[in-house]
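As the structure is a prediction and not an experimental result, all values here were calculated from the model.
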Amino acid sequence: MKITELTLGILTAVGGFVDVSELVFMAQAGSRFQYALVWVIVVATVGMMVFGEMSGRVAAIAKQPVFNMMRHRLGLNLGLVTLIASLISNTITCAAEIGGVGIVLHLLTGFGLVPMAIAATFVFVATIWLLPFKWIERTYGLLGLFMVVFAVALVAIEPPWGEIVKGLVPQVPAGLSTTELLTYGYFAVAIVSAVMFPYESYFYSSGAIEEKWSEKDLGLNRLTTTVGFGLGSLLGIAILASSAQLFGPQGISPELPGTTALEAAIPFGRVGLLLALLGMLFAIAGAAIETCLSNAYSISQFFGWRWGRHLKPHQAPRFTFAWLAVFAIALAIVLTGIEPVALAEYAVVASILVLPLTYLPILLLAGDRSYMREHANGRIAKTLGWAYYALIVVAALGALPLYLLTEGGKL
Amino acid sequence: MLLAMLLVTGCGQASSDLAVIKTARSLAAERALVAKLDEEGKLRRAYAGGMQRAGVQQLLSGRNALSQPEGAAGQAIGAAAAVRDEAGALRAAALQLARIEAQRENH
């Protein structure tokens, strides 16, 4: 395996890890509960590593994308329910990302949010139309590395490192009222959902098939999912910790997505602000493209259509129509005027409901020796896989009640 | 799920108003921080202007979402929206909203 290939793969995973929901929830979680939710990011990231590695391995060995498996493993009816639920949650997520890009461009240029959201959507369409898969992934992933400024900014403000380390221990903060406890629970579930978004698995495994992964790519798969996702989650922790330090004491629970960029502006001024906004722009833009393509992959794989960016648009017309339609619907949602932060909240709740159905077929197939041969799940992968499956089922059951009881974490 | 729905229905408008007030308090504090950093020359013009406009817009829509937009909370939110981009005045508006929030929470 080439070192350059490996490094690029890891860097792409780091830069592409954060999206608008994480920006919103990490910053709000830090300001509301200081460092008490750091452990949730770590737990969720390990879960994403476990299922990401499995979906990449299944794609490399069994050559099966997620929705193909879903139809065979869950049956047509349950598979169809999962497909519809995934399409809804991914489209809401895509709308949140487009709205987020519109806001960041508005803050960078001063032009209106709506024209910026429309322009961004056209750029996304052109990107997918013109660039091969690898370049789409790498362009946005690598440019998303501007987000590293958040980690540097955290070091610059000299946070209480001891408190952050204490946050790694699973805990429920003492002295919270019942409402605050429920809100803490809501943020825990929202962070799990935002880190383990189902579209990430759809996109990752479909990408592995696009790039024709085989047994020799298993090492790259393991390193990308562990090192890449691990380093990516450090950005999430940095955003949370800076927010705890800078926003919490001032009574700010960031309601405006642009507020997160202040974490870099406070120590580094205009340069920090610019880097933070550019990082946010490319990270969110990458997520917009991933969510859109995920929907096109899902629907094409489920119905057995020709799919993939390795084909010219006219060679896979239904796949092409699908991703164009997703962008059109997502943009229409943004144009209704719903706040992108509200869309991000709906997206995390909708996504966590879909997670158990998404990960069950991956877990079953990754453990099936008739498909995976000697690469089937071993004892550790099996234990971790089922433990995380139990966790996401509990999170899925709790998500809607917690959302309603806390008014989306506002109480 | 049923329990959650019942609790939500039972809590009703009071908790919705509290959520609006909490959001407004944060928005006023966000505007104050943006104004302060802008005064220190740490922000770009497009960013500071865009953040202030978005803050005002959300404060106004929050006020309209209250059960009594003309009540004390509505007036405080309206006042926070009316303040120009001046850090001290915005901080004072945020503090006023924090006081109203504390009163509602203690009820």
Side chain from CB out, backbone as N, CA, C, O: work out which of these in A:F111 comes under 4.5 Å of a heavy atom of chain B, or both, or neither.
-> neither
CD-CG distance between A:E255 and B:L27, expressed to the nearest 0.5 angstrom | 5.5 Å
Looking only at heavy atoms, the pair that brings A:G251 and B:R25 closest together is O-NH1, 2.7 Å
Do side-chain atoms of B:Y47 reach the backbone of A:R270 as a donor and acceptor pair under 3.5 angstrom?
-> no
Under 4.5 Å heavy-atom distance to chain A, tell me which part of B:L37 shows up: side chain, backbone, both or neither.
-> side chain
Tell me, side chain or backbone of A:I266 under 4.5 Å from chain B's heavy atoms, or both, or neither?
-> both
Return the minimal non-hydrogen interatomic distance between B:S26 and A:P254, and the atom names on each side.
-> OG-N, 4.1 Å
At a heavy-atom separation under 4.5 Å, does B:E105 approach chain A through its side chain, its backbone, both, or neither?
-> neither
Tell me, yes or no, whether the heavy-atom count around A:Y403 atom OH, taken from other residues, nucleotides or ligands under 6.0 Å, exceeds 12.
-> yes
Atom group of A:L256 that falls short of 4.5 Å from chain B, counting heavy atoms = both
Chain A contact via B:A94 - which portion, at a heavy-atom distance below 4.5 Å | neither
For chain A, which of B:S61, B:G50, B:A98 has the most heavy-atom pairs under 4.5 Å?
-> B:G50
So, for A:G110 and B:A46, which heavy atoms are closest and what is the spacing to 0.1 Å?
-> N-CB, 3.7 Å
What distance do B:M51 atom CE and A:I103 atom CD1 have between them, rounded to the nearest 0.5 Å?
-> 9.5 Å
Closest contact, heavy atoms only, A:L411 versus B:K22 = C-CE, 3.7 Å
Give the minimum heavy-atom separation between B:R44 and A:L273, together with the two atoms involved.
-> N-CD2, 3.6 Å
Top contributor to chain B contacts, counting heavy-atom pairs under 4.5 Å, from A:G272, A:G258, A:A265, A:A261 = A:G258
A:E339 versus B:Q58, side-chain donor and acceptor atoms under 3.5 Å | yes
Answer whether the closest heavy-atom distance between the side chains of A:H106 and B:R53 falls below 4.5 Å.
-> yes
Answer yes if the side chains of A:T259 and B:E30 hold a donor-acceptor pair under 3.5 Å, and no otherwise.
-> yes
